[in-house]
Novice: 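Mind having a look at this structure? Questions to follow.
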Amino acid sequence: MTDQVNEVIQIDENHVIAERREKLKALRDAAKASNSAAFPNDFKPKDKADTLQKTYAVQDKETLDPQSIPATVAGRMVLKRVMGKASFATIQDGSGEHAGARIQLYVARDEIGEALYENFKHWDLGDILGVTGRLFKTKTGELSIHVSEIKLLTKSLRPLPEKYHGLSDQEIKYRQRYVDLITSEEARATFIARSKVVSAIRDFMIQNEFLEVETPMLHPIPGGASAKPFMTHHNALDMQMFMRIAPELYLKRLIVGGFQRVFEMNRNFRNEGLSVRHNPEFTMMEFYAAYTDYHWLMDFTEATIRAAAIAARGTAVLSYDGKEVDLSKPFERLTIVGAIQKYAPQYTLEQLNDAVFLRAEILKHGTKPFDHAGLGALQLALFEETAESQLWQPTYIIDYPVEVSPLARASDKNPDITERFELFITGREVANGFSELNDAEDQAARFTAQMKAKEAGDAEAMYYDADFIRALEYGMPPTGGCGIGIDRLVMLITDSPSIRDVILFPHMRPEA
RNA sequence: GGGGCGUUAGCUCAGCUGGUAGAGCAGCGGACUUUUAAUCCGUUUGUCGUGGGUUCGAUCCCCGCACGCCCUACCA
């Protein structure tokens, strides 16, 4: 551990916490005196707030009350109303669709005894309680537990956010996600939806005979994408290693090995900027299927995304940022030039095939294309400037130029373009796939070209991966492969404006 | 990296082109045995993000820095 890691961040203390520490001290003393625990762990809840609500809230008071149905629950006290010799409190227990179901407690002095009631009055919002009692309905018809036994299970030392407005400070929501999750049903719902998306995709892949695999996160040579890697060091081997930027080259080695269909859903790491749609580590689902091509991939990717949306939301017709996104219909497919013609019709076909014109036009948009950029790369750059952000409904852009697709199979009809697509939804790239290049000699030549680009200053150009070439030399069947950005897909499905809203612990600078 | 906006009590927020801060919630004390953002009475709490500058005097004006959010650039 370095000194930097050992440096404890200064944690705020205040009078509220000081008072709670005093209460905890009293609790410890009392526990010691009675030979019991200050943080007892022997209370086992038998019921869940959500189940109780669903089962008994429908019964009317006259039917419910006389049955004296027993209930034993545990949860965090989130509301408390003391009225002299009786009180109401509300606990939240983590059950239910959004993991925040609540049930009201009625705590009467005459029922639990004077001494315990006095203690209860000083318990705080945020404390975790275990209670036993009988179900009844109040005058206003709210299902409640008439408490006969109540126990403080965990003393909370820190005050919860304001009970009505909750937590609104974005920074605290991200840094202290635990507080966000306690107080925000929306946050809990988002992460539950994320979990459903992930398991729906996994189920869908397995149903379609894909084998889930795990390939290295630590790579001796970063590969499979054009990106800047994180570097690290292995002490025992005394070698430099890279956090993976993509699993692609390992997954294709598995296709060489004879697995027909593989997928991996896990983290990639890219040492690049942070933004509303970039986190340094992000989750990608990559899959490879032998004897398929990019046409098949597009159909399959579409079906996967549709299944994920339906699993998480119950529908493939979504709303994002107030506008509809329809995943239920077949996704549109456009070439790069076709997309420019559709979304930026001011350009003539002649202009779009004029490298000099394109270069000038791209410069006008404030981007400087690489000196060695060919016609295809220039068309792609213009597409990115003029059309990409307008691709709101799901749209596949196809036929990417060879020069920007070093791992993709070239078209048999036109050697300058590849059998590649990218999927855009709400103006953002969500997936990228292609017919894989399985000609080892062609791949070796492409790697050599990438190395030259790297030497010429392109920091994101790929390395030459000799073992990958060796694998291809054994022969890889014709294969289709695709990566789906899970975080961005979850953003879409949960209508979240920022990638930080769908990552439990997004990366932040250290606290000031 | 560049630009814009923000940072006031534990939380949610006021604070009038300058006179060293308020409310609600939470807490504490009191009343109250069917409340529900309980109510009523009383009450504690702030290096006003941070370091400079201007000024008799700065939460307020100016500059730097930190952190955050948004846009932009690289990218998925």
Side-chain angles (χ1 to χ4, degrees), chain A residues 9 11-20 22-23 61 65 78-90 102-111 117 121-126 136-144 146 156-176 179 183 224-228 245-246 267-286 365-368 384 422-424 428-432 458-460 483-489 491 497-501 506 508-512:
Chain A
I9 54 166
I11 300 277
D12 56 293
E13 284 283 334
N14 60 69
H15 68 284
V16 179
I17 294 174
E19 262 156 21
R20 290 189 178 205
E22 284 301 313
K23 290 179 185 178
K61 183 172 172 63
D65 290 9
V78 292
L79 290 171
K80 186 182 168 203
R81 297 174 288 280
V82 176
M83 302 167 303
K85 298 177 190 66
S87 301
F88 284 97
T90 301
R102 295 178 169 195
I103 192 157
Q104 180 170 266
L105 311 178
Y106 179 69
V107 185
R109 187 193 66 178
D110 294 348
E111 183 86 15
Y117 189 73
K121 283 205 283 186
H122 291 92
W123 294 349
D124 294 298
L125 295 186
F136 78 110
K137 279 205 165 176
T138 62
K139 278 180 186 167
T140 51
E142 176 161 354
L143 181 70
S144 307
H146 195 120
S156 165
L157 295 175
R158 290 182 173 269
L160 291 176
E162 210 263 354
K163 65 187 176 189
Y164 186 64
H165 298 94
L167 188 59
S168 70
D169 186 324
Q170 278 295 333
E171 183 175 349
I172 298 177
K173 285 167 83 76
Y174 296 149
R175 286 193 197 277
Q176 298 177 238
V179 181
T183 55
S226 300
K228 297 187 198 96
I245 54 175
R267 230 64 65 79
N268 290 344
F269 306 85
R270 299 191 184 173
N271 206 341
E272 287 157 2
L274 288 76
S275 81
V276 71
R277 41 186 180 278
H278 298 88
N279 195 60
E281 54 180 301
F282 63 100
T283 301
M284 179 85 103
M285 202 282 285
E286 281 201 19
H365 281 91
T367 305
K368 192 179 177 300
E384 286 170 352
E422 288 194 359
L423 172 62
F424 295 88
R428 290 175 187 154
E429 185 183 344
V430 172
N432 175 21
D458 183 352
E460 293 180 355
I484 299 175
I486 298 300
D487 310 276
R488 289 186 182 176
L489 180 61
M491 285 170 69
S498 170
I499 198 166
R500 294 184 190 92
D501 295 323
M508 310 275 279
R509 283 195 167 82
E511 287 182 61

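Here is the naming used below: chain letters follow the sequence lines, and residue numbers restart at 1 for every chain. As a basis for the values below, the full set of heavy atoms in this structure was taken, side chains included, without hydrogen atoms, waters or symmetry mates.
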Novice: Just checking Ile245(A): base, sugar-phosphate only, or nothing, at a heavy-atom cut-off of under 4.0 Å?
Specialist: nothing
Novice: Between rU12(B), rC67(B), rU34(B), which one does the side chain of His165(A) approach most closely?
Specialist: rU12(B)
Novice: What nucleotide among rC67(B), rU34(B), rC70(B) has an atom nearest to a side-chain atom of Arg175(A)?
Specialist: rC67(B)
Novice: Could you tell me how far rC25(B) sits from rU20(B) if I compare only their C1' atoms? Round to whole Å.
Specialist: 26 Å
Novice: Whole-Å distance between rC67(B) P and Gln170(A) CD?
Specialist: 18 Å
Novice: Please determine, for the side chain of Thr138(A), which listed nucleotide (rU34(B), rG10(B), rC74(B)) has the closest atom?
Specialist: rU34(B)
Novice: If you go through the side-chain atoms of Ser168(A), does one of them form a donor-acceptor pair with the base of rU12(B) closer than 3.5 Å?
Specialist: no
Novice: Between Arg428(A) and Tyr164(A), which residue's closest nucleotide on RNA chain B lies nearer the 5′ terminus?
Specialist: Tyr164(A)
Novice: If I pick the C1' atom on rC60(B) and the same atom on rG3(B), what distance separates them, to the nearest angstrom?
Specialist: 25 Å
Novice: What integer distance in Å separates Arg109(A):CZ from rU34(B):P?
Specialist: 13 Å
Novice: So, do Gln104(A) and Arg81(A) sit near enough that their side-chain heavy atoms are less than 4.5 Å apart?
Specialist: yes
Novice: Strictly by Watson-Crick or wobble contacts shorter than 3.5 Å, is anything paired with rG57(B), and which nucleotide is it?
Specialist: none
Novice: What interatomic distance, in whole Å, is found between P of rG1(B) and the corresponding atom of rG64(B)?
Specialist: 16 Å
Novice: What is the nucleic acid contact for Met508(A), judged by heavy atoms within less than 4.0 Å: base, sugar-phosphate only, or nothing?
Specialist: sugar-phosphate
Novice: Are any protein N/O atoms closer than 3.5 Å to N/O atoms in nucleotides 5-7 of chain B? If there are, list each pair with its distance.
Specialist:
none

Novice: What's the closest nucleotide to the Val82(A) side chain, out of rC32(B), rC70(B), rU45(B)?
Specialist: rC32(B)
Novice: Look at all strands and tell whether His122(A) reaches a base, only sugar-phosphate, or nothing, counting heavy atoms closer than 4.0 Å.
Specialist: sugar-phosphate
Novice: Can you tell me if Arg509(A) touches the phosphate of rG68(B), counting only side-chain N or O atoms and a distance under 4.0 Å to OP1 or OP2?
Specialist: yes
Novice: Would you classify Asn279(A) as touching base, sugar-phosphate or nothing, given that sugar-phosphate means primed atoms plus P, OP1 and OP2, and contacts are heavy atoms under 4.0 Å?
Specialist: base
Novice: Quick check for you: among rU35(B), rC11(B), rC28(B), whose closest atom lies nearest to any side-chain atom of Met83(A)?
Specialist: rU35(B)
Novice: Only pairs with both distances under 3.5 Å count, Watson-Crick or wobble alike; so what is the partner of rA38(B) in this structure?
Specialist: none
Novice: Pick the C1' atom in rC41(B) and in rA9(B), then give their distance to the nearest Å.
Specialist: 22 Å
Novice: Please give the nucleotide sitting opposite rC65(B) as a Watson-Crick or G-U wobble pair, both distances under 3.5 Å, or none.
Specialist: rG49(B)
Novice: Taking for each residue the nucleotide of RNA chain B with the nearest heavy atom, is it Arg500(A) or Ala89(A) whose nucleotide lies nearer the 5' end?
Specialist: Ala89(A)
Novice: What contact category does Lys23(A) fall into here, base, sugar-phosphate, or nothing, at under 4.0 angstrom with non-hydrogen atoms?
Specialist: sugar-phosphate
Novice: By the 4.0 Å heavy-atom rule, please label Gly166(A) as base, sugar-phosphate, or nothing.
Specialist: sugar-phosphate
Novice: Round to a whole Å and report the spacing from CG of Asn271(A) to P of rC74(B).
Specialist: 17 Å
Novice: Counting N and O atoms only, with roles assigned by atom type, does the side chain of Lys23(A) sit under 3.5 Å from a partner on the main chain of Leu157(A), one being a donor and the other an acceptor?
Specialist: no
Novice: In whole Å, measure the gap between the P atoms of rC16(B) and rC69(B) for me.
Specialist: 28 Å
Novice: Using whole Å, report how far CD of Gln176(A) lies from P of rG10(B).
Specialist: 13 Å
Novice: Hey, does Phe136(A) reach any base, or is it just sugar-phosphate, or nothing, if we go heavy atoms under 4.0 Å?
Specialist: base
Novice: Nearest whole angstrom, please: distance from the P of rC28(B) to the CH2 of Trp123(A).
Specialist: 14 Å
Novice: Expressed as a whole number of angstroms, how long is the span from Phe282(A):CZ to rC74(B):C1'?
Specialist: 13 Å
Novice: Hey, are the side chains of Arg500(A) and Gln170(A) touching, using non-hydrogen atoms and a 4.5 Å cut-off?
Specialist: no
Novice: Could you let me know what rA21(B) is paired to, Watson-Crick or G-U wobble, both distances under 3.5 Å, or none if it's on its own?
Specialist: none
Novice: Nearest to the side chain of Lys85(A), which nucleotide is it out of rC32(B), rU35(B), rC70(B)?
Specialist: rC32(B)
Novice: Which whole number of Å gives the distance between the C1' atom of rU50(B) and that of rC32(B)?
Specialist: 48 Å
Novice: Out of rA26(B), rC32(B), rC11(B), which nucleotide sits closest to the side chain of Ile172(A)?
Specialist: rC11(B)
Novice: Please state the C1' separation for the pair rU45(B) and rG24(B) - nearest whole angstrom.
Specialist: 15 Å
Novice: Any side-chain N or O of Lys163(A) less than 4.0 Å from the OP1 or OP2 oxygen of rA26(B)?
Specialist: yes
Novice: Once you apply a heavy-atom cut-off of 4.0 Å, does Glu422(A) come out as touching a base, just sugar-phosphate, or nothing?
Specialist: nothing
Novice: Regarding Asn432(A), tell me which of base, sugar-phosphate or nothing describes its non-hydrogen contacts under 4.0 Å with the strands shown.
Specialist: nothing
Novice: Partners of Val179(A) by side chain to side chain contact (heavy atoms under 4.5 Å, CB included), sequence neighbours excluded?
Specialist: Pro161(A), Leu167(A), Gln176(A)
Novice: Please check: side-chain N/O of Tyr106(A) versus main-chain N/O of Lys137(A), any donor-acceptor pairing under 3.5 Å?
Specialist: no
Novice: Mind checking if Gly84(A) touches a base, just sugar-phosphate, or nothing, with heavy atoms under 4.0 Å?
Specialist: base
Novice: Out of Leu79(A), Val82(A), Thr138(A), which residue meets the side-chain contact (heavy atoms from CB on, under 4.5 Å) rule with Phe88(A)?
Specialist: Thr138(A)
Novice: Between rA26(B), rU35(B), rC74(B), spot the one nearest the side chain of His15(A), thanks.
Specialist: rA26(B)
Novice: Lys173(A): which residues meet the salt bridge (charged side-chain N to carboxylate O under 4.0 Å, His left out) condition with it, sequence neighbours left out?
Specialist: Asp180(A)
Novice: Looking only at atom P, what distance separates rA66(B) and rG30(B), rounded to whole Å?
Specialist: 50 Å
Novice: What's the NZ-C1' distance between Lys173(A) and rG68(B), to the nearest Å?
Specialist: 14 Å
Novice: What is the separation between atom NE2 on His146(A) and atom P on rU35(B), rounded to the nearest whole Å?
Specialist: 15 Å
Novice: Quick check on rA38(B): is either OP1 or OP2 less than 4.0 Å from any side-chain nitrogen or oxygen of Arg81(A)?
Specialist: yes
Novice: Quick check for you: among rG68(B), rU35(B), rA26(B), whose closest atom lies nearest to any side-chain atom of Glu142(A)?
Specialist: rU35(B)
